[in-house]
Amino acid sequence: QVEVVESGGGSVQPGTSLTLSCITSGLSFDDHAMGWFRQDPEKQREGVACINWSGQRIAYADSVKGRFTISRDNAKSTVTLQMNSLKPADTAMYYCAAARYEDCSGSWFRGYNFGRWGQGTRVTVSS
């Protein structure tokens, strides 16, 4: 049984940092690109970052470039999202997902190629 479990969410003030972690089980982790997505109830789901199987190809949403960093540890089957300089606009439920393929496609941000999703971890940025 495949499991994708996120952790690390919380309530923080603008300008601070937060690290989200995602651990998977039940799949060959290094056969899959991994992604982070977010969604607020009033907004569409947004692709935040994607990392290919080796960690050598990474893509970010324009809204988080320069502030967020995605990384992975294939030995531990984990993927991490380091979020710096957080803004109120970053408030959302954050989801980790495993892609069906090794690489992030050109349309990774749509989420269509991700077959396994976690339950999400909530991030609230507010003063």
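FYI, the numbering just counts along the sequence from 1.
The pair D62-K65 meets the salt-bridge criterion, with a side-chain N (NZ, NE, NH1 or NH2) lying under 4.0 Å from an Asp/Glu carboxylate O.
To the nearest 0.5 Å, atom CG of residue L20 and atom CZ of residue R122 are 12.5 Å apart. Taking CZ from R100 and NE2 from H32, the interatomic distance works out to 11.0 Å, rounded to the nearest 0.5 Å. The CD atom of E3 sits 12.5 Å away from the OG atom of S77 when rounded to the nearest 0.5 Å. Remark: W36 CH2 to Y60 OH distance equals 12.5 Å, nearest 0.5 Å.
Contacts classified as disulfide (SG to SG under 2.5 Å) and involving residues 41-74 (residues at least two apart or in different chains) are given here: C50-C104. Legend: disulfide (SG to SG under 2.5 Å) pairs involving residues 14-49, not counting sequence neighbours, sorted by first then second residue: C22-C96.
Counting heavy-atom neighbours within 6.0 Å of E102 CD, excluding the residue itself, gives a total above 12.
Looking at heavy atoms from C-beta onward, S21 lies out of side-chain contact with K76 at the 4.5 angstrom threshold. Counting heavy atoms from C-beta on, the side chains of M83 and V64 never come closer than 4.5 Å.
The closest donor-acceptor contact from the side chain of R45 to the backbone of R110 lies under 3.5 Å. In this structure, D40 contributes its side chain and K43 its backbone to no donor-acceptor pair below 3.5 Å. The main-chain N or O of G120 is found under 3.5 Å from a side-chain atom of E6 such that the two form a donor-acceptor pair. Under a 3.5 Å cut-off, the side chain of T91 and the backbone N or O of V125 do form a donor-acceptor pair.
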Should V2 and T24 be marked as a side-chain contact (heavy atoms from CB on, under 4.5 Å) after you check the CA-CA gap, both sets of side-chain angles, and the distance that decides it? CA-CA 7 Å; V2 176; T24 72; 6.0 Å; no

Residues W117, V4; criterion side-chain contact (heavy atoms from CB on, under 4.5 Å); working and verdict: CA-CA 6 Å; W117 295 78; V4 178; over 6 Å; no

Would you sort out whether L81 and F68 count as a side-chain contact (heavy atoms from CB on, under 4.5 Å), showing the intermediate values? CA-CA 7 Å; L81 185 68; F68 289 14; 4.1 Å; yes

Show your reasoning for whether side-chain contact (heavy atoms from CB on, under 4.5 Å) applies to R67 and K87. CA-CA 10 Å; R67 300 188 298 122; K87 306 174 181 179; 3.8 Å; yes

Run S127 and Q13 through side-chain hydrogen bond (donor to acceptor under 3.5 Å, both in side chains) and show every step you take. CA-CA 5 Å; S127 56; Q13 292 190 337; over 6 Å; no

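Linking Ile, Leu, Val, Met, Phe, Trp and Tyr whenever their side-chain heavy atoms come within less than 4.5 Å puts I58 and Y94 in one cluster. The hydrophobic clustering, which links ILVMFWY residues whose side-chain heavy atoms are closer than 4.5 Å, places Y95 and V79 apart. With hydrophobic clusters built from ILVMFWY side chains whose heavy atoms lie under 4.5 angstrom apart, I70 shares a cluster with V123. Residues Y101 and F114 do not share a hydrophobic cluster, clusters being chains of Ile/Leu/Val/Met/Phe/Trp/Tyr side chains in contact below 4.5 Å. Taken together through direct or relayed side-chain contacts under 4.5 Å among Ile, Leu, Val, Met, Phe, Trp and Tyr, W108 and L27 form parts of separate hydrophobic clusters.
Figure legend: R72 and F29 shown as a cation-pi pair, the cationic atom lying under 6.0 angstrom from the six-membered ring centre and within 45 degrees of its axis.
Taking all atoms of both residues into account, the shortest heavy-atom contact from G47 to A61 is O-CB, 3.2 Å.
Of the residues N52, N113, I51, the one that meets the side chain to side chain contact (heavy atoms under 4.5 Å, CB included) test with D103 is N52.
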